[in-house]
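This report concerns only the one structure given below.
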Amino acid sequence: MPAYLVKVTTRHGLVKAPIVANCTDEEEVTRLMKALGDDGDVIEIKGVRPDSMRVAFGNVPEGSAVFRFDWIWSVDGKDPKPY
């Protein structure tokens, strides 16, 4: 089940769709995001209780990340909300 909520801002200031990642730790999330992203991306990682993530975002296979295009970041930049 997902353990991390990830916010990626490109070097041009664009914010990508919310990402949920099921990784063992923040280091693994960072490696995965760098492999999926571009140089200069700013990666923000927030650990979230697995039960909350499962209810909000569904199941994500271990070691993977999923873009949630059906959610958007709130205006205050905190947690995303359904689109």
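Index from 1, following the sequence.
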### Task
Locate the shortest heavy-atom distance separating F67 from A17; write the atom from each residue and the value.
CD2-O, 3.8 Å
### Task
Working to the nearest 0.5 Å, report the span between NZ of K7 and CD1 of I43.
13.5 Å
### Query
What pair of heavy atoms forms the shortest contact from W71 to K81, and how long is it?
CE3-C, 3.1 Å
### Task
Please list all pairs passing the salt bridge (charged side-chain N to carboxylate O under 4.0 Å, His left out) test where one or both residues lie in residues 14-29, with sequence neighbours left out.
K16-D41, E27-R31
### Summary
For P80 and L5 the tightest heavy-atom approach is CD-CD2, 3.4 Å
### Query
Does F69 belong to the same Ile/Leu/Val/Met/Phe/Trp/Tyr cluster as V8, with side-chain heavy atoms less than 4.5 Å apart forming each link?
yes
### Task
State which residues pass side chain to side chain contact (heavy atoms under 4.5 Å, CB included) with V29; sequence neighbours excluded, sorted by chain then number.
Y4, V6, A21, C23, M33, I45
### Query
Which atom pair, heavy atoms only, marks the closest approach of A65 to L32?
CB-CD2, 3.6 Å
